[in-house]
Asker: 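Provided herewith is a single structure, encoded as structure tokens, for subsequent inquiry.
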Amino acid sequence: SLSSTISTGCGAVISGEPHSCSCGTATMEAAPGLERYQCHPPKPDRKTGRAAFAFFLTLGSQSAVTVPHSPWLNKGVMETGNMSPQGSLLPQHPEPTLDQRRLSMRGVHRAISDLRRGTPVLIEQQEAALLVGAAETLGAAGLADIAAAGLAAPVLLLAPVRAAALLRRPVPQQEDQPVVALRLPPAALDPARLRGFADPTAESLLPAEAEQLPPPPLAGAALALAKLGRLLPALVVAPAIPSVAERLSLLTVPAEDILSYPVSAASSLKRVAEARVPLEDAPEARIIAFRAADGGIEHLAILVGDPEASMAAGQAPLVRAHSECFTGDLLGSLRCDCGPQLRGAIKRMAEDPAGGVLLYLAQEGRGIGLVNKLRAYTLQDRGLDTLDANRALGYGADERNFLVGATMLREVGLTRVRLLTNNPDKISGLAACGIDVVGREAHQFDPNGVNDAYLDTKARRFGHMLG
């Protein structure tokens with residue numbers, strides 16, 4: 001158990017007693033000092049889906065505990081921007097106004113856009129400043145900016161599993177460092193060579209004896225920013241002089257704004273549009289669109305029947321938290337069971353007297369995005385399962401943020417639900433964010449001859465209640 005009390009943004013408290021919180025997106029690669037505490041589900045009760053989750057000190061075979069990091073929501077959570085071995089506590093600030101949070105999120109949103117277009121950004125915290133560029137998008141101009149503003153030769157930042165995959169050998173890792181820094185040979189500072197780091201099949205990008213360096217301050221925040229942008233967490237970074245970066249018109253973003261962004265964005269979701277949309281299996285259906293205060297990614301809620309009235313009458317409507325899947329939902333991919341789960345959930349809600357809500361969440365590929373999901377498929381075709389493929393790219397096994405779904409449910413007036421799921425993490429995640437999950441209903445579909453190994457991995461390694 002953790003020795004100190006940690007208050008999470010959703011209201012759950014982690015204390016000396018074993019407890020779990022799956023609300024938020026601080027993952028192993030971005031949470032020094034906390035990255036080793038992971039949540040592994042024991043065999044859950046097959047009827048209720050309830051399981052006693054505990055924190056274990058491990059070397060990491062699953063995704064990390066997802067505790068949201070926010071300087072105003074977490075009074076005692078370890079600071080993820082500080083890379084010191086001992087770690088430190090986030091400063092306690094008064095809760096910001098909505099306008100302040102909007103400005104904070106806007107800065108992160110702009111930083112993400114710059115990274116995606118190949119422009120470096122400067123991450124700052126107190127006396128530390130780190131210039132950051134995404135390996136897969138940096139061009140000659142971006143490399144020139146890093147050379148001009150950097151105080152030292154740039155290094156490559158990778159998540160430990162990604163570093164091991166590229167070097168094809170185990171990578172020594174200090175317990176308090178969730179990031180690996182490698183010295184870049186001069187020949188690697190070429191845009192075409194750097195783009196190779198985004199190719200999951202590329203080989204010999206780095207010499208096997210590549211020198212490992214101590215990660216610079218703010219390395220965890222840099223990887224977190226890349227993940228927010230759905231970019232491969234492979235970054236070219238250098239300590240920098242803020243005044244030089246400013247002279248080059250490079251954007252500066254505070255580290256704490258990056259680390260608090262997932263909580264800020266999820267908790268600021270508001271309804272922005274609503275329409276009646278009769279569906280093939282649910283003639284009485286409405287779609288409500290939600291948008292965060294920074295105008296970022298939108299999420300949808302599909303309301304079937306009249307779940308609000310059912311809630312008011314004391315019933316618990318059915319709820320399904322469904323992460324969007326372009327390949328499965330739209331194209332009918334056989335690699336997963338997402339399409340049948342989506343259509344099956346809508347049909348069951350239409351048949352249920354209490355109706356239901358399907359949360360259609362913009363968290364493709366368990367939160368890594370469509371492009372990285374396709375990269376993971378390439379690795380799966382070479383023998384990795386769905387969990388190891390995500391981790392070989394530098395992501396956690398599951399990067400989703402359950403606070404998004406909890407906020408949407410509260411916005412439509414539902415706080416007491418029956419959850420349509422096989423995934424115990426969804427039950428614990430929504431419960432940790434304040435949703436009263438009064439029951440679980442299984443939502444299983446037979447393998448199709450292509451997704452058999454995928455379903456087996458979900459049951460065996462993620463603890464899904466199948467069979």
Asker: Does the pair Arg271/Glu411 count as a salt bridge with the N-to-O cut at 4.0 Å?
Answerer: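 No, Arg271 and Glu411 are not salt-bridged.
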Asker: Is the shortest side-chain heavy-atom distance between Arg110 and Ile112 below 4.5 Å?
Answerer: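 Counting from C-beta outward, Arg110 and Ile112 never come under 4.5 Å.
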Asker: Report yes if some heavy atom in the side chain of Asp456 is under 4.5 Å from a heavy atom in the side chain of Asp452; otherwise report no.
Answerer: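 In short, these two side chains do not touch, never coming nearer than 4.5 Å.
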Asker: What are the two closest non-hydrogen atoms of Gly396 and Asn390, and how far apart are they?
Answerer: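 Closest approach of Gly396 to Asn390: O-CB, 3.8 Å.
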Asker: Does the side chain of Leu122 reach to within under 4.5 Å of the side chain of Leu250, using non-hydrogen atoms?
Answerer: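 No - every pair of side-chain heavy atoms lies 4.5 Å or more apart.
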Asker: Do side-chain atoms of Ser268 reach the backbone of Ala293 as a donor and acceptor pair under 3.5 angstrom?
Answerer: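 Looks like yes, one N/O pair under 3.5 Å.
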Asker: So, Asn372 side chain and Ile368 main chain: donor-acceptor pair closer than 3.5 Å or not?
Answerer: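 Indeed, once roles are kept as given, a pair shorter than 3.5 Å links the two residues.
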Asker: Could you work out, with side-chain contact (heavy atoms from CB on, under 4.5 Å) as the rule, every residue matching Thr378, not counting sequence neighbours?
Answerer: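 By the side-chain contact (heavy atoms from CB on, under 4.5 Å) rule, Thr378 matches Pro200, Thr201.
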Asker: Hey, could you give me the CG/CG distance between Leu251 and Leu115, rounded to the nearest 0.5 Å?
Answerer: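 Separation between the atoms: 9.5 Å.
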Asker: Taking the basic N atoms (NZ, or NE/NH1/NH2) and the acidic carboxylate oxygens, is any pair closer than 4.0 Å for Asp337 and Lys458?
Answerer: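 Yes, this pair counts.
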Asker: Could you tell me whether the side chain of Leu232 reaches within less than 4.5 Å of the side chain of Leu393, counting heavy atoms only?
Answerer: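 Counting from C-beta outward, Leu393 and Leu232 do come under 4.5 Å.
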Asker: Are Arg195 and Glu136 ion-paired here, with the side-chain N under 4.0 Å from a carboxylate O?
Answerer: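 Here Arg195 does not pair with Glu136 in a salt bridge, since their nearest N and O are not under 4.0 Å apart.
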Asker: Looking only at heavy atoms, which two atoms of Asp257 and Val108 are closest? And how far apart?
Answerer: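 Reported closest heavy-atom pair: O-CG2, 3.5 Å.
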Asker: If you measure from CG on Leu374 to CD on Glu364, what distance do you get to the nearest 0.5 Å?
Answerer: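 Interatomic distance, Leu374 CG to Glu364 CD, rounded to 0.5 Å: 8.0 Å.
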Asker: For a ring-ring contact (aromatic ring centres under 6.0 Å, His included) check, start with the C-alpha distance between Phe290 and His299, then their side-chain angles and the critical distance, and finish with the verdict.
Answerer: CA-CA 5 Å; Phe290 292 82; His299 305 270; 8.5 Å; no
Asker: Counting distance only, does the side-chain N/O of Asn401 pair as donor-acceptor with the main-chain N or O of Pro262 below 3.5 Å?
Answerer: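 Yes.
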Asker: Can you tell me if Gln212 and Arg183 form a side-chain donor-acceptor pair at under 3.5 Å?
Answerer: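 Side-chain D/A pair, Gln212 to Arg183: absent.
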Asker: On a heavy-atom basis, which atom in Asp329 and which in Ser323 lie closest, and how many Å separate them?
Answerer: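 Residues Asp329 and Ser323, closest heavy atoms: OD2-O, 4.3 Å.
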Asker: For Glu298, look at atom CD and say whether over 12 heavy atoms of other residues, nucleotides or ligands are found less than 6.0 Å away.
Answerer: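 Check passes, neighbour count above 12.
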Asker: Under the ring-ring contact (aromatic ring centres under 6.0 Å, His included) rule, collect the residues that match up with Phe197, sequence neighbours excluded.
Answerer: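 Scan of Phe197 (ring-ring contact (aromatic ring centres under 6.0 Å, His included), adjacent residues dropped) gives none.
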Asker: Which heavy atom in Ala111 sits nearest to a heavy atom in Val121, and how many Å separate them?
Answerer: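 Minimum heavy-atom separation between Ala111 and Val121: O-CG1, 3.8 Å.
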Asker: If every non-hydrogen atom of Ala224 is compared with every non-hydrogen atom of Leu259, which pair is closest and at what distance?
Answerer: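 Between these two residues, the closest heavy atoms are CB-CD2, 4.1 Å.
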Asker: So, are Glu399 and Lys227 salt-bridged, with charged N and O less than 4.0 Å apart?
Answerer: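 The answer is yes: the pair qualifies as a salt bridge.
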Asker: Between Lys426 and Ala321 (side chain of the first, backbone of the second, donor and acceptor by atom type, cut-off under 3.5 Å), is there such a pair?
Answerer: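 Judged by distance alone, yes, a pair lies under 3.5 Å.
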Asker: Okay, side chain of Asn448, backbone of Leu334: is any donor-acceptor separation there less than 3.5 Å?
Answerer: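 Pair found, side chain donor or acceptor close to backbone of Leu334.
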Asker: Just how far is it from atom CG of Leu430 to atom CG of Leu409, taken to the nearest 0.5 Å?
Answerer: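 Reported value, rounded in 0.5 Å steps: 6.5 Å.
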Asker: Given side chains that start at C-beta, do those of Leu131 and Pro239 come closer than 4.5 Å, heavy atoms only?
Answerer: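 Not in contact.
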Asker: Atom OG1 in Thr386, atom CZ in Arg366: separation rounded to 0.5 Å?
Answerer: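 That separation rounds to 3.5 Å.
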Asker: Does Arg335 make a cation-pi contact with Tyr377 (under 6.0 Å, within 45 degrees of the axis)?
Answerer: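 Judged by the rule, Arg335 and Tyr377 form a cation-pi pair.
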Asker: Say whether Asp425 and His464, considering side chains only, have a donor N or O and an acceptor N or O under 3.5 Å apart.
Answerer: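 Not at all, the side chains of Asp425 and His464 share no donor-acceptor pair under 3.5 Å.
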Asker: Find out whether Asp398 and Leu387 are in side-chain contact, i.e. whether some heavy atom of one side chain is under 4.5 Å from a heavy atom of the other.
Answerer: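 Side chain of Asp398 against side chain of Leu387, heavy atoms only: no contact under 4.5 Å found.
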Asker: Roughly how far, to the nearest 0.5 Å, is CD1 of Ile258 from CE of Met105?
Answerer: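 CD1 of Ile258 is found 14.5 Å from CE of Met105.
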Asker: Main chain of Ser260, side chain of Ser264: is a donor-acceptor contact present, judged purely on distance under 3.5 Å?
Answerer: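 Pair found, side chain donor or acceptor close to backbone of Ser260.
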Asker: Would you call Cys336 and Cys325 a side-chain contact if the rule is heavy atoms closer than 4.5 Å?
Answerer: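 Answer yes - side chains close enough.
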Asker: According to the interplanar angle, ranging from 0 to 90°, do the rings of Tyr261 and His109 count as parallel (below 30°), tilted (30 to 60°) or perpendicular (above 60°)?
Answerer: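 Judged by the thresholds at 30° and 60°, the geometry between Tyr261 and His109 is tilted.
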Asker: Taking atom CD1 of Ile287 and atom CG of Leu358, what is their separation to the nearest 0.5 Å?
Answerer: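 If I round to the nearest 0.5 Å, the distance is 10.0 Å.
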Asker: Got a salt bridge between Asp385 and Arg461, using NZ or NE/NH1/NH2 to carboxylate O under 4.0 Å?
Answerer: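 Looking at Asp385 and Arg461, the cut-off is met.
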Asker: Apply the test side-chain contact (heavy atoms from CB on, under 4.5 Å) to residues Leu182 and Leu213: give CA-CA distance (whole Å), side-chain angles for both, the deciding distance (0.1 Å), then the verdict.
Answerer: CA-CA 6 Å; Leu182 300 173; Leu213 304 170; over 6 Å; no
Asker: Would you say that Cys433 contacts Leu403 through its side chain, given a criterion of any heavy-atom pair below 4.5 Å between the two side chains?
Answerer: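 Yes, side chains in contact.
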Asker: Restricting to non-hydrogen atoms, name the atom on Leu223 and the atom on Ala159 that form the minimum distance, rounded to 0.1 Å.
Answerer: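 Scanning both residues, the minimum pair turns out to be CD1-N, 4.1 Å.
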